[in-house]
Amino acid sequence: MATYTVHVTIENKPGISDPEGETILNDLVLKGSHKSVSKIKTAKMLKFTIKEKDKKTAGKKIQEICDELRIYNPMVSKVTIDVFD
Amino acid sequence: MATYTVHVTIENKPGISDPEGETILNDLVLKGSHKSVSKIKTAKMLKFTIKEKDKKTAGKKIQEICDELRIYNPMVSKVTIDVFD
Amino acid sequence: MSLEPQEIVDLKSKIGREPTSTELQIVAAEWSEHCSYKSSKKHLKMLPMTGPLVISEKGYDSGVLDVGDGYVITAHIESHNHPSAVEPYGGAATGVGGVIRDILSAGTRPIAIFDGLRFGNIEKDPQARWLFKNAVTGIADYGNCLGIPTIGGEVEFDECYSNYALVDVAAVGFGKKENLIKNHANKGDLVVLMGGATGRDGIGGSQFASDSLESENRSAVQIPDPFIEKLIIEAILEARNHHLIKALKDLGGGGLSCALSETADTLGIGIEMDVDKVHTREPGMDPDEIMISESQERMLIITSKQKLKKLQEICKKFRIACSVIGHVTSGNLLHVKKGNKTFANISTEIVANAPLLDRTSKKPAYLETIQKEKKLRPISNFSKTMMALISSPNIASKIWVYGQYDHEVGIRTVVKPGQDASVLRLDNGKFLSVKIDGNPKHCYINPREGAIGCFEEACRNVVCTGARPIGMLDHLQFGNPENPEIFWTFLESLKGITDFAKYFKIPCIGGKVSLYNETPAGPIKPTPLIGVLGLIDKNSLISPKVEDEDCLIIIGDTKNELGGSEYYEYIHHFVGGNCPIVDFKESKRNMETVLHVIKKGIIKNAHDCSKGGLAVGAFELCMTNQIGCQISLDKVPGEKLDSDKILFSESHSRYLLVVEKKNFQKLETILQKNKVSYRMIGKFGGNKIQFNRGKKSLIDLSVDKAQKAWINSLRELVLNG
Amino acid sequence: MNVGVVVFPGSNCDRDMFHVLTDVFNLNAQYFWHEKGLPNNIDAVILPGGFSYGDRLRAGVIAAHSPIIKDVQKMAEKGIPILGVCNGFQILVESGLLPGVLLKNNSLNFMCKWTNLVVENNSTPFTSQFKLNQKIPIPIANGEGRYFVDETTLKKLKKHNQIVFKYDKVVNGSSDRIAGVCNEDGNVVGMMPHPERAVESEINPIDNKPSSLIFESLLSTMGVKH
Ligand SMILES: Nc1ncnc2c1ncn2[C@@H]1O[C@H](COP(=O)(O)OP(=O)(O)O)[C@@H](O)[C@H]1O
Ligand SMILES: [Mg+2]
């Protein structure tokens with residue numbers, strides 16, 4: 001058994017608006033001094049610490065948890081799962 | 001000029017509590033059958049799309065923006081900035 | 001965390017030996033200005049603290065007033081200035097948490113929150129904007145989650161708060177008199193710590209609040225957890241219903257050190273405790289850290305051995321941790337152990353009673369010249385000036401703020417925020433009206449009269465809802481008291497408040513002193529804040545809509561008192577002139593008269609004249625009722641003054657009344673009989689707000705245009721600078 | 001008739017709802033802690049507002065996993081009237097009893113203000129006493145109150161007459177200005193505004209009669225004379 005850190009990133013699916021990202025962007029653009037930024041998207045991240053027999057199992061387990069416990073709402077969000085040793 | 005995606009992850013500094021992570025762990029994950037998880041930390045992420053002359057400048061620029069606009073409060077949070085091509 | 005050299009000498013002579021390091025930490029926390037009131041305590045005694053409705057019990061952190069039929073209300077005020085200046089979200093939120101626990105510790109359910117917020121110039125300063133925005137979100141997130149309505153407050157901006165923030169929070173509780181916790185304890189009783197885990201956060205917070213704000217000690221940051229606080233409230237009230245609590249105390253500044261030593265000292269008991277029993281957030285905390293940690297959302301309970309099990313069940317139901325950390329002993333020692341090893345064993349009488357100081361005071365030099373008037377540039381376009389004033393951050397509607405606060409939860413809010421004072425219904429059919437007010441601009445020019453003015457203004461606001469003031473909370477916020485000039489302003493404000501309270505027989509039921517409010521540019525302006533609670537025996541004034549043909553009456557004299565006014569400071573950038581002065585007799589006469597005509601149902605609406613003077617007061621009436629008004633300045637009673645002064649003077653004791661034409665005669669008879677100064681100055685109707693002097697039109701603006709600017713300007717400023 | 005008021009850790013409108021049910025409408029109301037089961041003699045269930053579990057992760061999602069929700073589901077299947085208000089609505093949505101999702105308001109802020117609802121469906125147990133299109137002045141108080149459904153679901157909602165209340169103006173950016181919906185059978189209703197804050201004239205500055213019809217509808221559905 002080893003301990004893994006698993007990052008779960010929850011963000012809006014493409015096509016679903018992200019008012020928070022837009023607001024931050026508009027604050028920037030309106031302020032006028034950071035024209036090189038063209039887009040901002042917000043996401044939420046959960047960093048899990050989990051003990052499993054290997055990396056793959058850890059990732060699978062976390063995916064299960066996310067689906068079963070509705071860590072994200074599949075209607076509007078998607079998750080990305082990254083496992084680190 | 002090239003376009004970069006920059007991920008800004010904002011989380012509480014080590015030693016500062018994270019009530020949201022604790023609640024998700026204790027009231028959701030551990031109440032189920034997922035005992036192999038021992039910790040959850042929450043973070044917020046902003047994904048910037050930015051056009052700059054190189055990777056390094058993109059990262060620097062984003063750091064500047066975050067500080068200037070007080071995207072996070074250095075008293076409580078730390079940020080990690082990752083630049084992707 | 002440190003004691004002054006003289007205090008260490010004092011401590012050694014009192015205990016007759018070298019203190020241990022833990023004892024030093026405990027004493028330093030408790031003897032800090034924040035916990036011990038060592039500069040102010042001798043003087044605070046001058047405030048009248050008793051009255052027919054005041055209930056005093058030992059060890060209460062909040063004031064208690066009997067509102068009849070077996071019910072009481074409790075009230076308290078606190079600030080969280082230093083923490084909010086560095087972490088506005090968490091600082092403001094935990095400020096709410098702290099004052100709520102004070103209310104809870106009397107055994108009453110918190111039913112309302114009030115917030116007084118002060119920042120630098122948000123028009124120019126992005127830092128001030130950031131502080132403001134996050135402090136508001138912090139209060140909203142905390143109070144909303146608790147389900148306690150935030151129903152009133154105030155917001156003010158002044159350069160003197162640049163890089164700083166004043167976040168004051170007051171709370172009101174309500175309950176049955178028989179449910180008040182009568183703090184007591186017997187030998188062998190158990191000492192229980194319930195709530196959040198003790199961590200390293202907030203270590204040294206009360207010391208931090210007692211130092212001027214400098215970057216190196218900006219380390220006391222606290223993370224709010226309103227969810228745990230909500231569960232603590234429910235668990236404590238359930239435990240109270242089951243009579244499981246013998247004594248109750250919240251943990252605030254100074255953490256366990258202060259809570260234990262103060263409880264032991266007031267109850268005349270000793271406490272022995274083991275730091276290993278305290279549930280901690282991180283391993284390896286040493287006894288000193290555990291004793292002074294200011295982790296939020298914790299309560300101390302003394303219960304008997306027989307009742308422990310039930311108490312633990314309740315905590316379990318609400319999923320909050322609770323640990324038995326010690327027990328009550330005879331004697332008066334606070335004995336702190338870790339396992340078998342003793343870390344402190346010291347008389348709580350010594351810990352809880354810091355040596356008090358006699359600070360010197362001296363009238364500040366600037367006051368000699370500040371009242372001198374200056375010749376000001378004449379106003380060429382009053383309509384334009386008026387638009388600027390109603391859009392200015394201090395006068396613009398605060399709806400952007402209170403719109404983020406759940407002000408309806410609890411279903412008691414009869415008069416909602418946005419009016420003068422807010423009104424709550426109580427379970428005995430009576431109504432409670434509350435308002436907090438401060439005015440640092442006036443207080444800077446005249447600390448005594450300014451403080452009295454805040455008090456009168458809060459009373460006026462409460463009176464406008466038909467409520468009679470029954471109690472007062474004061475919060476005295478000043479700079480470094482070691483500076484004799486600052487200490488002088490503190491004393492003057494306190495004396496003024498005392499005189500007013502005695503004259504009007506309004507007892508002080510609680511308060512707080514916050515010193516060392518210094519910014520990088522120097523001390524803040526004197527900022528006493530007064531909260532007034534008023535009671536309405538019968539139905540409150542539910543203001544019917546103002547309609548065409550209704551009359552506008554002003555009560556009270558308008559004087560050449562524009563020092564510290566928004567007009568002088570915002571429009572002319574002039575700080576100085578005559579500070580408004582309250583004439584106690586006139587004030588009383590006007591107050592009684594307004595209460596009388598409201599009670600008789602003669603008037604439709606009453607509104608006080610304060611910031612921005614008569615002009616702003618009348619505009620507010622028009623904008624909230626969406627109706628125009630034609631007002632003549634020739635009729636305004638008082639000194640003979642230039643038009644700008646009549647419009648914008650901030651003289652106290654003035655009220656604007658709205659009366660139906662058919663009732664004017666009745667009203668006039670009473671006003672004459674009571675010998676109050678009054679005139680009918682205008683008529684409502686149409687959609688224009690107009691001020692005339694003689695034949696000359698001074699102001700002519702459409703209600704819609706004014707209202708739009710007034711409602712939206714604060715939000716625009718916050719979002720777009 | 002017995003109405004169950006479900007209480008979660010962090011619920012904060014439970015006492016308000018209880019007061020309205022008992023003191024205003026003379027019903028038998030009873031609190032049910034989230035860990036308990038619901039008895040069979042319950043005639044209607046209300047999930048009140050608040051911040052269950054501090055709204056952590058997402059409003060309503062943690063409470064939706066509470067043991068009591070299984071019983072609520074069973075009752076829903078039996079056709080018993082169930083009302084979720086504000087956080088209660090969020091919980092019903094997160095537990096799959098109602099379609100859609102509640103997102104952060106477009107303003108990104110918590111919003112507490114009086115709004116006007118329009119009744120779109122008057123055949124639910126909570127709206128039977130309304131005329132169609134009748135207006136209800138009523139307060140909202142939420143941070144995550146923007147009801148969202150995708151186009152296909154919206155079509156389905158319309159087809160099955162599942163939109164119960166709409167705001168008369170755009171308030172928070174919700175899909176089609178939706179403020180409340182029901183399940184296909186119509187017995188489970190969720191709404192963001194707070195009827196319990198609007199039924200007493202003392203605290204309702206506009207008109208308390210329309211919102212009272214929500215409770216009077218329930219009474220009449222159950223055949224109780226008020
Ligand atoms: N920070 C705040 N929180 C809640 N309500 C507020 C706040 N600031 C102002 N208000 C409300 O806005 C209204 C106007 O406030 P204020 O201008 O201070 O009134 P007044 O001039 O009558 O003292 C009051 O109802 C007040 O309670
Ligand atoms: Mg007022």
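Here is how names work: the chains are called A, B, and so on, in the same order as the sequence lines, proteins then strands, and each is numbered from 1. What you see is a predicted model, and the numbers here were worked out from it, not measured in a lab.
Between atom NZ of residue A:Lys41 and atom OG1 of residue B:Thr49 there is a gap of 9.5 Å, rounded to the nearest 0.5 Å. The NZ atom of A:Lys47 sits 9.5 Å away from the NZ atom of B:Lys39 when rounded to the nearest 0.5 Å. A distance of 9.0 Å separates NZ in A:Lys44 from NZ in B:Lys44, rounded to the nearest 0.5 Å. Here B:Leu25 contributes atom CG and A:Leu46 contributes atom CG; the two are 11.0 Å apart, rounded to the nearest 0.5 Å.
By number of non-hydrogen pairs under 4.5 angstrom with chain B, the leading residue of A:Glu52, A:Lys61, A:Met1 is A:Lys61.
Inspection of non-hydrogen atoms places A:Thr9, A:Glu11 of residues 4-19 of chain A under 4.5 Å from chain B. Taking 4.5 Å as the heavy-atom cut-off, the residues of residues 62-74 of chain A that approach chain B are A:Ile65, A:Glu68, A:Leu69, A:Ile71, ordered by number.
For B:Ile24, the part lying under 4.5 angstrom from a heavy atom of chain A is the side chain only.
Heavy atoms of other residues, nucleotides or ligands lying less than 6.0 angstrom from NZ of B:Lys35 number more than 12.
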